[in-house]
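Encoded as structure tokens, the structure appears first; notes follow it.
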2 protein chains.
Amino acid sequence: MTDPQTDPQTSPQTDAQADPQTDPPGPDPLDTALRLVRAQATLVKRFDAGLSGLHGVSLSDFTMLLRLSEAPGGRMRRVDLAEALGLTASGVTRGLAPLERIGLVTREAAPRDARVAYAALTPTGRERLSEMLTTARQIATDVFTPTQWPPNDLTTLATLLTPLTGPRR
Amino acid sequence: MTDPQTDPQTSPQTDAQADPQTDPPGPDPLDTALRLVRAQATLVKRFDAGLSGLHGVSLSDFTMLLRLSEAPGGRMRRVDLAEALGLTASGVTRGLAPLERIGLVTREAAPRDARVAYAALTPTGRERLSEMLTTARQIATDVFTPTQWPPNDLTTLATLLTPLTGPRR
DNA sequence: AGGCTATACTTGAGTGCTCAAGGAGGTGGC
DNA sequence: GCCACCTCCTTGAGCACTCAAGTATAGCCT
């Protein structure tokens, strides 16, 4: 598997910073980043499978509903929802559309500013979300369980991940 | 505007779930999983921006080339490449097409089995990849740098992530 | 030989996001 | 009162993947 003739050696670039101590299999940031990307793909698949099987929604539907539920009154300006989810306004429009169609979310006009439309969780939406939540928690637990980490490591992972989650949050 | 209408439920982790015994305020697996998803989205954006700006390829183009370069002779059956990348065969066909068009990869027939088509890195591909590699390493380093973790934490992260990266690898 | 099943790959349709352009409404200078 | 500009949101086009179906080849069993 390890290739004899290939390694496209890095050009003699200076990025190998003077490191007085040995680190042959040292922590490779690129490798770590690629692992993270891979891990996420796996996670998303499992959530999508579980959530769509039981509740007919995708992970991204679920996270939209979840964020909404965390906002006061279960409603947010669509632009703020986008920001909170790390999406564009466009992504929110398209993602919310099917949820409105099936009655989990409604569109509400803002009293003073006709430009803004709130997205609001309906009572049904709240109900359905709470069912989804138990499924989602189960999946999350299952995903991490076979790793056999002590609970501490889960905390560690969350902590390490936090600064990477984007500009703000 | 923030008008805390009386709305009980909807704390990140209180309601629903008939959980007979409550765990102490332990680490929340769901929250951790969602953080991971978010972190990846941010990462992918940074890699895509950097790689496409300098080399005109996406992160997924890059990872395809990278895996190819790790295989003996820089060539793999397309189905094995799919497996190694966690994609479907279909995804590989579509992803490789533009790379073939610009001459970084070629299609090679297998001598004994006419069903299989190898994907092989061209000399140009190898060259261009090695330039991309230095960019990618730089980005990876930049991504983790502001976290100010000791290098150990990077290793820890990689280790924690590994069991999550999928069925095999 | 013929037929069955399995494997490697491509293709059509669909999904979920992106960016860029555009409409509609709000705001401040004059 | 008007005009330039800003914000919120939607829409068209495109991209990167998916699944399902289709094609071609391989190999085994009788």
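Bear in mind that the values here come from a model prediction, so they are computed numbers and not experimental data.
Scanning atom types as modelled, one donor and one acceptor separated by under 3.5 angstrom connect the side chain of B:Ser90 and the base of D:dC19.
Taking atom CZ on A:Phe47 and atom P on C:dG16, their separation rounds to 17 Å, with Å as the unit. One atom, CD of A:Glu100, and another, P of D:dC9, lie 12 Å apart when rounded to the nearest Å. Nucleotide C:dC17 holds its C1' atom 12 Å from the CG atom of B:Asp48, rounded to whole Å. With rounding to whole Å, A:Arg38 atom CZ is found 13 Å from D:dC17 atom P. To the nearest angstrom, P of C:dC17 lies 10 Å from CG of A:Leu99. Atom CD in B:Glu108 sits about 13 Å away from atom P in C:dC9, given to the nearest Å. For the pair A:Leu96 CG and C:dG16 P, the interatomic distance rounds to 13 Å; values are reported in whole Å. Atom CZ in B:Arg101 sits about 10 Å away from atom P in D:dC15, given to the nearest Å.
Among the nucleotides D:dC17, D:dT25, C:dC9, the one closest to the side chain of B:Asp113 is D:dT25. Comparing C:dT7, D:dC8, C:dG16 against the side chain of A:Ser58 picks out C:dG16 as the nearest. Which of C:dT11, D:dT25, C:dA8 sits closest to the side chain of B:Ala114 comes down to D:dT25. Listed nucleotides D:dC17, D:dT7, D:dT10 differ in distance to A:Arg115; the shortest reach to its side chain belongs to D:dT7. Comparing C:dG16, C:dA8, D:dC17 by their closest approach to the side chain of B:Val116 singles out C:dA8. In this structure, of D:dT7, D:dC17, D:dT10, it is D:dC17 that holds the atom nearest to the side chain of B:Ser60.
Between C:dT27 and A:Arg112, no contact under 4.0 Å exists linking OP1 or OP2 to a side-chain N or O. For A:Arg107, a side-chain nitrogen or oxygen approaches OP1 or OP2 of D:dT10 to under 4.0 Å.
The residue among A:Arg77 and A:Lys45 whose nearest nucleotide of DNA chain D is located toward the 5' end is A:Arg77. For B:Thr88 and A:Ala89, each mapped to the nucleotide of DNA chain D holding its nearest heavy atom, the one lying further toward the 5' end belongs to A:Ala89. Along DNA chain C, the nucleotide nearest to B:Val92 and the one nearest to A:Gly91 differ in position, and the one closer to the 5' end is contacted by B:Val92. Each of B:Arg78 and A:Pro98 was assigned the nucleotide of DNA chain C with the nearest heavy atom; the assignment lying further toward the 5' end belongs to B:Arg78.
In this structure, A:Arg77 fails the cation-pi test against A:Tyr118, since its NZ or CZ atom is not both closer than 6.0 Å to the six-membered ring centre and inside 45 degrees of the ring normal.
A distance of 6.5 Å separates CG of B:Leu36 from CZ of A:Phe144, quoted to the nearest 0.5 Å. Note that the CZ atom of B:Arg126 and the CD atom of B:Glu131 stand 14.0 Å from one another [nearest 0.5 Å]. With values rounded to the nearest 0.5 angstrom, B:Leu66 atom CG is found 6.0 Å from B:Leu133 atom CG.
Scanning both residues, B:Ala119 and B:Leu68, for their nearest heavy atoms gives O-CD2, 3.4 Å.
Looking only at distances, no side-chain donor or acceptor of B:Arg128 sits under 3.5 Å from a matching main-chain atom of B:Leu104.
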